[in-house]
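A short write-up of the structure that comes next.
If you read the sequence from its start, that first residue is 1, and numbering goes on from there. Whatever order the structure lists them in is the order used to number ligands and atoms, beginning at 1.
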Amino acid sequence: MTDDTDPTDWTDPETFRAALDRADTREKGTYFEAFAEGDRIEHDPGIRLSRAGNERWMAQTLNHDPTFWRSDAAAERGYDEPPIHPDYLLAATMGPSVEDLSEKGGYFLGRTGVRYRTDAVYPGTELRVDSTVIETRASGSRPDYGIVTWETTGRDADTGDALLSYRRTNMIPRREPIETDGGQTTGDRVDAGTEPEPELPDTLLTPDGQHFEDFSDALDDADGRDAAVAYRHERGRTIDDALLAGLPLATLNTAKQHHDAATMADSPSGEPVVYGDVTRSIALGHARSDERTYRELGYDDERFHDFVTAGDTVYGFTRVLDASETPTIDVPSGVDATDAGAVRFEHVAFNQNETPVYSGTRTALIETRN
Ligand SMILES: C/C(=C\C(=O)SCCNC(=O)CCNC(=O)[C@H](O)C(C)(C)COP(=O)(O)OP(=O)(O)OC[C@H]1O[C@@H](n2cnc3c(N)ncnc32)[C@H](O)[C@@H]1OP(=O)(O)O)C(=O)O
């Protein structure tokens with residue numbers, strides 16, 4: 001059977017528009033209704049973690065710790081060679097899951113329980129990624145969306161060993177919007193939250209240096225008085241195309257939010273938005289440039305508060321929550337933590353208008369002075 005004798009010029013603009021009007025779309029992604037708690041999804045795409053991909057991510061997000069670039073610096077931290085950066089591993093685990101989980105649209109709201117299961121992942125490792133639906137619920141404020149939480153694990157494709165896992169929550173469009181009490185069926189909020197009154201301590205302290213003792217001493221200094229250890233980082237990073245579309249696509253993240261300007265024109269942001277993992281990696285890169293990081297252990301309570309779009313500049317702010325010789329998060333086996341202590345931070349990414357766009361806690365081992 002052939003259609004070659006058809007005299008119609010399908011590329012005539014009017015004819016083509018009529019064809020588009022009548023044609024079905026071969027859809028990508030999954031609507032909210034299709035997710036059921038307990039479902040396990042093995043994602044088909046996977047990434048071979050390359051040194052080039054790693055270096056591209058780190059360079060663009062200002063994660064310039066020599067450990068991840070130079071053999072001598074890597075050896076000093078107990079690695080065989082410069083390993084894959086934890087932020088790149090996280091983004092490269094999330095990227096291949098997007099096609100099945102969130103490509104339909106909606107926004108990445110938050111993530112918690114990010115845990116590294118192994119000390120070092122080296123270039124050449126191939127990733128396999130799977131997810132389980134943990135929770136689905138209606139959005140009370142947006143009838144066009146549901147809210148889904150998945151547990152995702154990135155594994156070494158050769159051994160099946162878990163390298164990283166986390167729980168992530170997204171808004172996901174419904175195929176059929178639901179009626180709310182107000183009967184509203186748009187993507188807009190039904191109710192707006194009230195802003196809490198600012199309630200800050202009198203004094204914000206900055207640690208004297210970048211070692212574990214500097215964070216610990218600053219917390220001791222703040223203890224018992226109306227003070228907190230909290231400071232901003234000087235660097236900023238303006239969003240350009242390398243960050244906006246380049247980095248998510250390099251991790252196989254197919255979320256249209258980052259690379260389909262025409263579709264996004266008709267969305268709440270009105271334009272493409274930056275991949276959440278890029279925003280947080282920039283803010284964490286700013287923070288790490290002001291500390292002697294030994295190992296990343298995990299992240300919790302991550303929230304994406306507002307859109308970041310082209311031309312915005314991402315800055316970082318850090319609050320030190322806790323410093324202890326013994327981490328509250330499991331340290332992967334093989335890590336020699338003798339010369340480091342655990343610090344728990346809250347990091348906030350904010351834009352040029354001083355609006356928070358991301359926040360989350362992070363636990364890292366920070367080198368002691370020796
Ligand atoms: C990857 C990937 C996509 C991306 O990376 S997109 C880029 C990163 N994300 C964003 O840019 C989103 C930035 N956030 C916003 O602009 C706003 O938060 C948003 C999405 C417009 C919602 O604003 P609201 O003021 O309506 O926010 P609410 O705090 O009221 O939240 C709305 C409902 O969501 C629930 N929720 C929020 N955060 C969480 C969380 N961490 N865990 C669980 N649930 C959360 C909240 O309770 C509200 O629920 P309702 O029942 O009241 O609707 C990709 O696609 O994969």
Q. How about Tyr88 and Phe68: are their ring centres within less than 6.0 Å of each other?
A. no

Q. Taking atom OG1 of Thr112 and atom CZ of Arg167, what is their separation to the nearest 0.5 Å?
A. 9.0 Å

(Q) I need the Asp339 CG to Asp336 CG distance, nearest 0.5 Å. (A) 6.5 Å

Hey, is ligand 1 close enough to [X] that some N/O pair sits below 3.5 Å?
{"X": "Arg168", "value": "yes"}
{"X": "Tyr107", "value": "no"}
{"X": "Phe304", "value": "yes"}
{"X": "Asn253", "value": "no"}
{"X": "Phe108", "value": "yes"}

[X] and side chain to side chain donor-acceptor pair (under 3.5 Å): which partner among [options]?
{"X": "Thr8", "options": "Asp6, Thr11, Asp12", "answer": "Asp6"}
{"X": "Arg111", "options": "Thr169, Asp300, Asp301, Asp277", "answer": "Asp277"}
{"X": "Arg288", "options": "Asp65, Thr318, Asp87", "answer": "Asp87"}

**Q.** Arg51, CZ: over 12 other non-hydrogen atoms inside 6.0 angstrom
**A.** yes

Q) Just heavy atoms, cut-off under 4.0 Å: does Asn170 contact ligand 1 by side chain, backbone, both, or neither? A)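 The part of Asn170 near ligand 1 is the side chain, not the backbone.
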
Q.
Any donor-acceptor pair under 3.5 Å linking the side-chain atoms of Arg117 with those of Ser165?
A. yes

Q | Polar contact flag, side-chain donor to acceptor under 3.5 angstrom, Asp161-Thr118 | A |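 Side chains of Asp161 and Thr118: no pair found under 3.5 Å.
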
Give the numbers and elements of all ligand 1 atoms closer than 4.0 Å to a heavy atom of [X].
{"X": "Ser141", "answer": "50 (P), 52 (O), 53 (O)"}
{"X": "Ile147", "answer": "33 (C), 34 (O), 35 (C), 49 (O)"}
{"X": "Arg142", "answer": "21 (C), 22 (C), 24 (P), 26 (O)"}
{"X": "Met94", "answer": "1 (C)"}
{"X": "Gly276", "answer": "5 (O), 7 (C), 8 (C)"}
{"X": "Met171", "answer": "32 (C), 33 (C)"}
{"X": "Ser139", "answer": "50 (P), 51 (O), 53 (O)"}
{"X": "Ser102", "answer": "54 (C), 55 (O), 56 (O)"}

Hey, looking at [atom], which of [options] has the closest heavy atom?
{"atom": "atom 44 (N) of ligand 1", "options": "Val98, Thr169, Thr112", "value": "Thr169"}
{"atom": "atom 50 (P) of ligand 1", "options": "Gly140, Pro143, Pro268", "value": "Gly140"}
{"atom": "atom 47 (O) of ligand 1", "options": "Arg137, His305, Lys256", "value": "Arg137"}
{"atom": "atom 7 (C) of ligand 1", "options": "Val357, Val278, Val274, Asp277", "value": "Val274"}

Say whether [X] and ligand 1 are in contact under the criterion: heavy-atom distance to a ligand atom below 4.0 Å.
{"X": "Val308", "result": "no"}
{"X": "Glu103", "result": "no"}
{"X": "Arg111", "result": "no"}

**Q.** Salt bridge flag under 4.0 Å for residues Asp156 and Arg128
**A.** no

Q. Only one of Asp130, Leu163, Leu164 clears side-chain contact (heavy atoms from CB on, under 4.5 Å) with Arg155; which?
A. Asp130

Q.
Donor-acceptor pair, distance only, cut-off 3.5 Å: does the side chain of Ser324 make one with the backbone of Pro327?
A. no

Q: May I ask you to decide if the ring planes of Tyr275 and His258 are parallel, tilted or perpendicular, using 30° and 60° as cut-offs?
A: tilted

